[in-house]
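First up is the structure itself, then whatever we jot down about it.
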2 protein chains.
Amino acid sequence: MSNPPKSATHKRARRVKLADVATAAGVHYSTVSRVLRPGFKGRISDDVAERVRAVARELGYQPNAVASSLRTQSTRSIGLIVHDMNDPIYPPILSGIESVLSPDGYAVLVGNTGYGADAELDLVNRMAARLVDGIFLATTRLKDPAVERCVQLGIPLVSVLRQTESGTTPAVMNDCFRGMEALTSHIIDAGHRDIAAIIAPQDLSTAQERWQGVQSAMRKHGLDLPEHRIARVSRMSTEEGERATKSLLDAATEPPGVIICVNDLVAIGAIRACRLSGLDVPWDISISGYNDIPLMDMINPPLSTVHMHLDKIGKAAGEMMLEYLANPELPARTQRFKPEVILRGSLQGVHPQG
Amino acid sequence: MSNPPKSATHKRARRVKLADVATAAGVHYSTVSRVLRPGFKGRISDDVAERVRAVARELGYQPNAVASSLRTQSTRSIGLIVHDMNDPIYPPILSGIESVLSPDGYAVLVGNTGYGADAELDLVNRMAARLVDGIFLATTRLKDPAVERCVQLGIPLVSVLRQTESGTTPAVMNDCFRGMEALTSHIIDAGHRDIAAIIAPQDLSTAQERWQGVQSAMRKHGLDLPEHRIARVSRMSTEEGERATKSLLDAATEPPGVIICVNDLVAIGAIRACRLSGLDVPWDISISGYNDIPLMDMINPPLSTVHMHLDKIGKAAGEMMLEYLANPELPARTQRFKPEVILRGSLQGVHPQG
DNA sequence: TTGTAAGCGTTATCAC
DNA sequence: GTGATAACGCTTACAA
């Protein structure tokens, strides 16, 4: 009958539509629509419903989501904007979000900004053009035009991991201030006094809170962080971590006793740089991270860090989005997850010397 | 004028549409459509074009992609189906794909199967309902109904990492057979004779090719792999790797000299299990992986493995998709990337005794 | 309970 | 060169 395709990819098959099912079942296509959609249970005679359903199944009818979306102004799709999916903090977020939204028929559109602010805004605009029902923004800066644009367009937005300065955006995040404050306190309690820090651009709440956490803990212990013990990364990557650590080691004759890194990737870079400088971690110098991304217990040395519960954050973000989709008038709420300090071998205690 | 929103999420703003721009510019909306879309350059008077463009910009007009899709039957979106984005092999694939497709205006829909065959088929159907222009399948099994469904629906499909039995699907993959054969040869050349292997379900070409690679290398050296030196994982995860390794160690009084693992995650699990059994890696037992996922050089001990060039595979898959989108009649082509053996500390040579 | 028909915002094919 | 006008496939008042 039908001629077989020459290759695996052949001409797009004509899709079965409502009208096809309708003629085959001998009813009007609006009836088919009603039968096939939930919410019209009692309003249709059983025999018609059954016949229509049978025909639909037989013809392999699948509703055209695009047509439906145009009509209902809802695409059942949501966007997720991240800096770079290669950063291990994002996959669990995506998984969590998807596990919550997928059962409700939502699809997730993923966009990488590549750390660019313009790209971020562009992604929001492109997603808006696609009429996404909502956007998860994991790249939120303290002042973020992308957030404003979502508000302006009336697109439900849930900020993940980070928050704006005003704090008026629905958000699910980790309490980075307390996490880093606690970790720093541990470090000080272990006897460290010569502390260095690698900090990230302060336009991200995560970076800001962590830095404030370090400072708060040190103030509480009457300690000070001199400028030559502070290094800055332009982004939280291993490469930047390595570079910043080199500059830190070059800035003084003696290496610090410990380097508190803004996150695990930066800490990995720091470990690499220390090795290259002939320093043993942790015997010559201690290092800490933040996030507890996978395998941080397996690296050499096992990294002391702060666990984030990224999967929980992802799930919670998904649930929060569902709430806002169901009720857009809901006031903005920020949900914070408690961080958990994880002490491992990369941190070595210091015994006060005479 | 307009009453301010009470919270960040307020009622969806009415979108500016073609008709709005048209009335404001005093032309028919079909004219606006022509002006704003490429391909009508010379066919429109300059003054009208300029006026329309100005008005469109002023009103912040953004074309409604859903309406456009309904009309053109093309959504400029493509699907990416993976087992679980938390597996580190996938993010570089996604990044590569996105970097190639995003400039052409494509959006990427990501779906996790959670390792389920039903979920995979379901995802294909859901993506088909959304009229995706194409699908990247990174979960392809040797016999895969999801692939057949795509062919049946005429959806351009590019298989990533894996291939079907027939090999008739466009695919971009690593040459796992040669990779694993080369790695195994290295291991044998280093003196190992008591070799064990942890293999994965043979319905995935990756798992099958790697296992065949191990067997081929051993045959070439006149070696044999007894059943008690073979363990099987149900999926390539650290948990399964740990479990399988335990069973391997329990299956004989003496541990093998080396365990060749089907991938890096399984190898991580193997290292954990060996440690728990009091074995030092690599002094008591050597371990190898496959993929060279990030940080494999930083773990303890650094893992010997085979590098995959996942980013290149992702980019190549994106480019292949663009080709098939441009010309669906193109015959199916399989592109294979050369693997690269990476020798690190987890593999210890054996000096032949007496 | 089912049929009729308008309309979602585009694109594309006509005329003029 | 521009305007009018069908689709695209679905949802949903409103009629019958």
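The basis for the numbers below is simple: all heavy atoms, side chains too, and nothing from hydrogens, waters or symmetry mates. Residue numbering restarts at 1 for every chain, and letters A, B, ... go by the order of the sequence lines.
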Length of the CG-P vector between A/Leu18 and D/dA7, whole Å:
18 Å

Between B/His83 and B/Tyr90, what is the ring plane arrangement, given parallel below 30°, perpendicular above 60°, and tilted in between?
perpendicular

Assign each of B/Ala67 and B/Asp47 to its nearest nucleotide of DNA chain D by heavy atoms, then name whichever residue's nucleotide is nearer the 5' end.
B/Asp47

May I ask you to verify if any side-chain N or O of A/Thr31 is less than 4.0 angstrom from the OP1 or OP2 atom of C/dG3?
yes

Rounded to the Å, how far apart are A/Asp20 CG and D/dG9 P?
9 Å

Any side-chain to backbone donor/acceptor pair from B/Arg130 onto B/Leu109? Under 3.5 Å, distance only.
no

Any idea which of C/dT11, D/dC8, C/dC8 is nearest the A/Gln73 side chain?
C/dC8

Residue pair B/Val66/B/Arg34 against DNA chain C: nearer the 5' end by closest nucleotide is B/Val66

Distance test, side-chain N/O of A/Tyr61 to OP1/OP2 of D/dG9, below 4.0 Å
no

Do B/Asn327 side-chain atoms and B/Glu329 backbone N/O form a donor-acceptor pair below 3.5 Å?
yes

Between C1' on C/dT10 and CZ on B/Arg15, what's the gap in Å once rounded to a whole number?
12 Å

Spacing between A/Arg76 atom CZ and D/dC10 atom C1', to the nearest angstrom
16 Å

Length of the line joining A/Arg37:CZ and D/dT11:C1', which is rounded to integer Å:
6 Å

At under 4.0 Å between heavy atoms, what does B/Ser30 touch on the DNA or RNA strands: base, sugar-phosphate, or nothing?
base

Take the C1' atoms of the five end pairs on each side of the helix from C/dT1-D/dA16 to C/dC16-D/dG1, derive the two axes, and give their angle rounded to 10 degrees.
40°

Is the base of D/dA7 touched by the side chain of B/Arg71 through a donor-acceptor pair closer than 3.5 angstrom?
yes

Sub-3.5 Å donor-acceptor pair from the side chain of B/Asn112 to the main-chain atoms of B/Gly114, do we have one?
no

Donor-acceptor contact present, side-chain A/Arg15 to main-chain B/Ala128, <3.5 Å
yes

Under 4.0 Å from OP1 or OP2 of D/dC10: is there any side-chain N or O of A/Thr72 that close?
no

Does a side-chain N-to-carboxylate-O contact under 4.0 Å join B/Asp46 and B/Arg53?
no

Quick one: B/Arg130 CZ to D/dG9 P, roughly how many Å, whole number?
18 Å

Is a side-chain N or O of A/Arg141 found less than 3.5 angstrom from the main chain of A/Thr164, in a donor-acceptor match?
no

Counting only side-chain nitrogens and oxygens, does B/Ser33 get under 4.0 Å of the OP1 or OP2 atom of C/dT11?
yes

For C/dT11 and B/Ser68 - does any side-chain N or O of the residue sit under 4.0 Å from the phosphate oxygens OP1/OP2?
yes

Is a donor on one side and an acceptor on the other found under 3.5 Å between the side chain of A/Ser95 and the backbone of A/Pro91?
yes

Residue mapping more 5' on DNA chain C - nearest nucleotide basis, B/Leu70 or B/His28
B/Leu70

Of the listed nucleotides (C/dG9, C/dA5, C/dT2), which one gets closest to any side-chain atom of A/Tyr29?
C/dA5

Could you tell me the separation between the NZ atom of B/Lys17 and the P atom of C/dG7, rounded to a whole number of Å?
10 Å

